[in-house]
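The block underneath contains the structure these notes are about, expressed in structure tokens.
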Amino acid sequence: MKNVLIGTFSCKSNLDRVKELQRLKIYEGFDNQYYVISRRDSEHFKLYNCLTLDIDDTYERLIFKTVELFKYFIDSKYEYCFKCDDDSFVDLQRLSNFDYKKVDYAGLLMKTNIKDQLTYFKDKNMSYKGEFRDTLKYSFCVGGGYFVSKKVAEHVVENYKKSYEYHRYEECGMAACEDRMVGQLVNDDYVKFSHGNIIDEDKVFYSALFNSVYHPIGVDVLKKISHKSLGHIKMM
């Protein structure tokens, strides 16, 4: 586990979610997990282990946040990066046993459905030039959690300006999906795991992927979980 960087995307508006994660002490004693934030939010995250980036952290610019995270990862001591969002918590024991080693990408990869297009939001800092419609059908990563090696991180950093999402952002300032960008650049060449075990949310408190390596979860559900209910998680 010492060779894995867990980069959890977060921001000031999601601080309540982070506080609940911290209450559960999931990452207590584990130094490899960082909340990835912008420098302007650093004061709000001073109690937590953070990776602070010089970025304009908005939903529309998450592709650039991803690139900056990968740049940090490339120059770091870590061999793998597990990118996840702050509506997820990571089961460290299961993650340590997960077979991500010796592959360049491990995670859920979904196919874009043109008939059911993703919702995008306009960047208020850019002039809107008109409608930009999806015309390509390709894979995208599920942001709750996936592994990348330095090989993939370098590939994304070197080629992100060729991606469809970057082109969308440059053309009309519409919100760009960072995991869709990574999915397009990774493609099927790097993928080892393309599906996971999804548990019905109506039956349990969370929806689990990769047999509970990570758990996408909301603040309302986090508040219902007592620390002892996470007994299946063994801290490293």
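What you are looking at is a predicted structure, and each value in this text was computed from that prediction instead of being measured. Residue numbers start at 1 and run along the sequence shown.
- Using a distance-only test at 3.5 Å, with no hydrogens or angles considered, a donor-acceptor pair links the side chain of N32 to the main chain of V4.
- Across all non-hydrogen atoms, the minimal contact from L69 to L53 is N-CD1, 4.1 Å.
- Checked against ring-ring contact (aromatic ring centres under 6.0 Å, His included), F64 has the following partners two or more places apart in sequence or in another chain: Y169.
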>> Working note: V152 + V156, criterion side-chain contact (heavy atoms from CB on, under 4.5 Å); need CA distance, chi angles, decisive distance, verdict.
In response: CA-CA 6 Å; V152 163; V156 171; 4.3 Å; yes
>> K83 vs D179, test: side-chain contact (heavy atoms from CB on, under 4.5 Å). Steps then yes/no.
In response: CA-CA 10 Å; K83 185 269 184 191; D179 299 315; 3.2 Å; yes
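- In this structure K65 satisfies the side chain to side chain donor-acceptor pair (under 3.5 Å) test together with D57, sequence neighbours excluded.
- With sequence neighbours left out, T66 forms a side chain to side chain donor-acceptor pair (under 3.5 Å) with no residue at all.
- Salt-bridge formation is not detected for the pair R17/E20: no Lys NZ or Arg NE/NH1/NH2 atom is positioned less than 4.0 Å from an Asp or Glu carboxylate oxygen.
- Here the rule is side chain to side chain contact (heavy atoms under 4.5 Å, CB included) with F9, and of D86, L62, D87 only L62 fits it.
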> How far apart are the C-alpha atoms of F45 and L15, what are their side-chain angles, what is the distance that settles it, and do they pass the side-chain contact (heavy atoms from CB on, under 4.5 Å) test?
Replying inline: CA-CA 8 Å; F45 282 81; L15 205 55; 3.7 Å; yes
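- Put simply, the side chain of C84 reaches to within 4.5 Å of the side chain of I6, judged on heavy atoms.
- Residues passing the ring-ring contact (aromatic ring centres under 6.0 Å, His included) test with Y78: none are found, sequence neighbours excluded.
- Checked against side-chain contact (heavy atoms from CB on, under 4.5 Å), T52 has the following partners two or more places apart in sequence or in another chain: I37, R39, S42, C50.
- Every residue meeting the side-chain contact (heavy atoms from CB on, under 4.5 Å) condition with N3, not counting sequence neighbours, appears here in chain and number order: E79, Y80, Y100.
- L5 places a side-chain heavy atom less than 4.5 Å from the side chain of Y34.
- The structure places OG of S38 at 11.5 Å from CG of L51, a figure rounded to the nearest 0.5 Å.
- Among all heavy-atom pairs drawn from M181 and E165, the shortest one is N-CG, 3.8 Å.
- Heavy atoms from other residues, nucleotides or ligands lying under 6.0 Å from NZ of K150 number more than 12.
- Partners of S76 under the side chain to side chain donor-acceptor pair (under 3.5 Å) rule, at least two apart in sequence or in another chain, do not exist in this structure.
- Every residue two or more places apart in sequence or in another chain that forms a side-chain contact (heavy atoms from CB on, under 4.5 Å) with N159 is listed here: H155, K162, L185.
- In this view, K2 satisfies the salt bridge (Lys or Arg N to Asp or Glu O under 4.0 Å) rule with no residue, not counting sequence neighbours.
- Contact check on K161 versus E170 returns no salt bridge, with no Lys/Arg side-chain nitrogen under 4.0 Å from an Asp/Glu carboxylate oxygen.
- D41 pairs by the side chain to side chain donor-acceptor pair (under 3.5 Å) definition with nothing, not counting sequence neighbours.
- In this structure, D16 has no salt bridge (Lys or Arg N to Asp or Glu O under 4.0 Å) partners at least two apart in sequence or on a different chain.
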> Which is it for T8 and D85 under the side-chain contact (heavy atoms from CB on, under 4.5 Å) test, yes or no, and what are the steps along the way?
Replying inline: CA-CA 5 Å; T8 307; D85 298 332; 5.9 Å; no
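- Under the side-chain contact (heavy atoms from CB on, under 4.5 Å) criterion, Q22 pairs with V18, Y27, Y35, Y48, not counting sequence neighbours.
- Salt bridge annotation for E171-R168: absent, with no cationic side-chain nitrogen under 4.0 angstrom from a carboxylate oxygen.
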> Yes or no on ring pair (Phe, Tyr, Trp, His ring centres under 6.0 Å) for Y146 and Y105, after CA distance, side-chain angles and deciding distance?
Replying inline: CA-CA 7 Å; Y146 55 84; Y105 174 90; 5.6 Å; yes
